[in-house]
> 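Input: one structure, supplied below.
The first residue of the sequence shown is numbered 1, and numbering continues consecutively from there. These values consider heavy atoms only, across backbone and side chains, with no hydrogens, waters or symmetry-generated copies.
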Amino acid sequence: MTATTTLLVIAKEPRPGRVKTRLTPPFTPAEAAALAEASLADTLRAVAATPARRRVLVLAGEPGPWLPPGFDVVPQCAGGLDERLADAFAGCAGPALLIGMDTPQVTPDLLDVDFAGCDAYFGPAEDGGFWALGLSRPEPALLRGVPMSSPVTGAVQHERLLAAGLRVRELPPLRDVDTAADARAVAELAPHGRFAARLAACTAAGEQRAACTAAGEQRAACTPAGEQRAAR
């Protein structure tokens, strides 16, 4: 990557009940938010280690202690995700690469792109979306109207790039963290990151809750009905 490239990370503030709701259950809303924070922290760490002219966090919410130095923070605009992605590119001058907060396994090597000889980079996600989009010359109109959070999101966005006559380079497909199964698979790919450590802690807490619930049910089953009524 040349030092003229801007790296964009679009993210939500990791607050319980506002992020990673598909992780509940098996995790609690607080645990889902903790996992989102760890995923975001790992992502920002990778971005911080990648050469760039500018690093920008496009944030819905407020920054927290998880934000490392060296990032400009700009608010997300109103509207759908396509509008918010388009607006993120609109604030850039020159080449820019945008990623989300859902791929904590991302590495500086994956983000080290060179726009020489191409106009765009496209990183497909395994769920049919995309985890990365790079444009040598930001054109917000390329994103507006693309259906988001759909199995065809990636295909539609990729076709938009080709239809515009852009020379597109493919990045490796990555798995987003949306479900508990995704979380486990991604943690195995990056076992030494904050996300993997947080997942292990949340899984252990969940197992302890399950054990306590099972023990309570067993005690209730062994208590004579008369004693249960007396207890109530």
Side-chain angles (χ1 to χ4, degrees), residues 1-12 39-40 42-44 46-48 50-60 71-77 79-178 182 186:
M1 174 182 288
T2 65
T4 59
T5 301
T6 295
L7 286 174
L8 302 161
V9 180
I10 189 159
K12 290 181 181 179
S39 178
L40 178 55
D42 283 346
T43 300
L44 294 175
V47 171
T50 305
R53 181 181 70 85
R54 185 182 178 212
R55 299 174 185 86
V56 182
L57 176 63
V58 187
L59 184 64
F71 283 79
D72 296 330
V73 179
V74 300
Q76 291 184 25
C77 72
L81 181 55
D82 62 319
E83 289 288 344
R84 287 178 276 141
L85 295 178
D87 187 68
F89 276 107
C92 298
L97 179 71
L98 179 145
I99 65 173
M101 62 182 285
D102 300 334
T103 52
Q105 73 273 41
V106 73
T107 64
D109 285 343
L110 286 173
L111 301 177
D112 190 11
V113 299
D114 185 351
F115 283 95
C118 77
D119 305 303
Y121 276 86
F122 184 78
E126 292 184 9
D127 63 1
F130 59 90
W131 68 269
L133 180 64
L135 297 171
S136 62
R137 187 175 60 188
E139 297 180 47
L142 290 172
L143 292 105
R144 294 192 176 106
V146 173
M148 295 290 162
S149 303
S150 162
V152 301
T153 295
V156 173
Q157 183 63 75
H158 190 263
E159 180 57 32
R160 279 281 191 94
L161 303 177
L162 296 177
L166 303 185
R167 297 165 297 172
V168 182
R169 284 185 185 154
E170 300 279 336
L171 293 169
L174 292 184
R175 185 168 182 168
D176 285 336
V177 174
D178 290 318
D182 294 331
V186 168

> Could you list the donor-acceptor pairs under 3.5 angstrom formed between side-chain atoms of residues 125-135 and any protein atom two or more places apart in sequence or on another chain?
residue, atom, partner, partner atom, Å
D127, OD1, G129, N, 3.0
W131, NE1, P172, O, 2.9

> Are any of the side-chain heavy atoms of T103 and V186 separated by less than 4.5 Å?
no
> Please give me the minimum heavy-atom distance between C118 and Y121, naming the atom from each residue.
SG-CE1, 3.5 Å
> So, the side chain of R55 versus the backbone of L44: is there a donor-acceptor pair under 3.5 Å, distance only?
no
> Under a 4.5 Å cut-off applied to non-hydrogen side-chain atoms, are M148 and L85 in contact?
yes
> Just by modelled atom types, is the A141 backbone N or O under 3.5 Å from a matching donor or acceptor in the R160 side chain?
yes
> Could I get the full list of side chain to side chain donor-acceptor pair (under 3.5 Å) partners for Q157, not counting sequence neighbours?
none
> Does D176 reach the main-chain N or O of D178 with its side chain, forming a donor-acceptor pair under 3.5 Å?
no
> Can you find a heavy atom in the side chain of E159 that is under 4.5 Å from one in the side chain of V156?
no
> Indicate the atoms forming the closest heavy-atom contact of I99 with V47, along with that distance.
CD1-CG2, 3.9 Å
> For Q76 and A60, work out which heavy atoms get closest and say how close.
NE2-N, 3.4 Å
> If we ignore hydrogens and angles and just use 3.5 Å, is the side chain of T5 paired with the main-chain N or O of P95 as donor and acceptor?
no
> With distance as the sole test, does D119 use its side chain to make a donor-acceptor pair with the main-chain N or O of R167 at under 3.5 Å?
yes
> Between the main-chain N or O of D114 and the side-chain N or O of R169, is there a donor-acceptor pair closer than 3.5 Å?
yes
> Does T153 reach the main-chain N or O of P147 with its side chain, forming a donor-acceptor pair under 3.5 Å?
yes
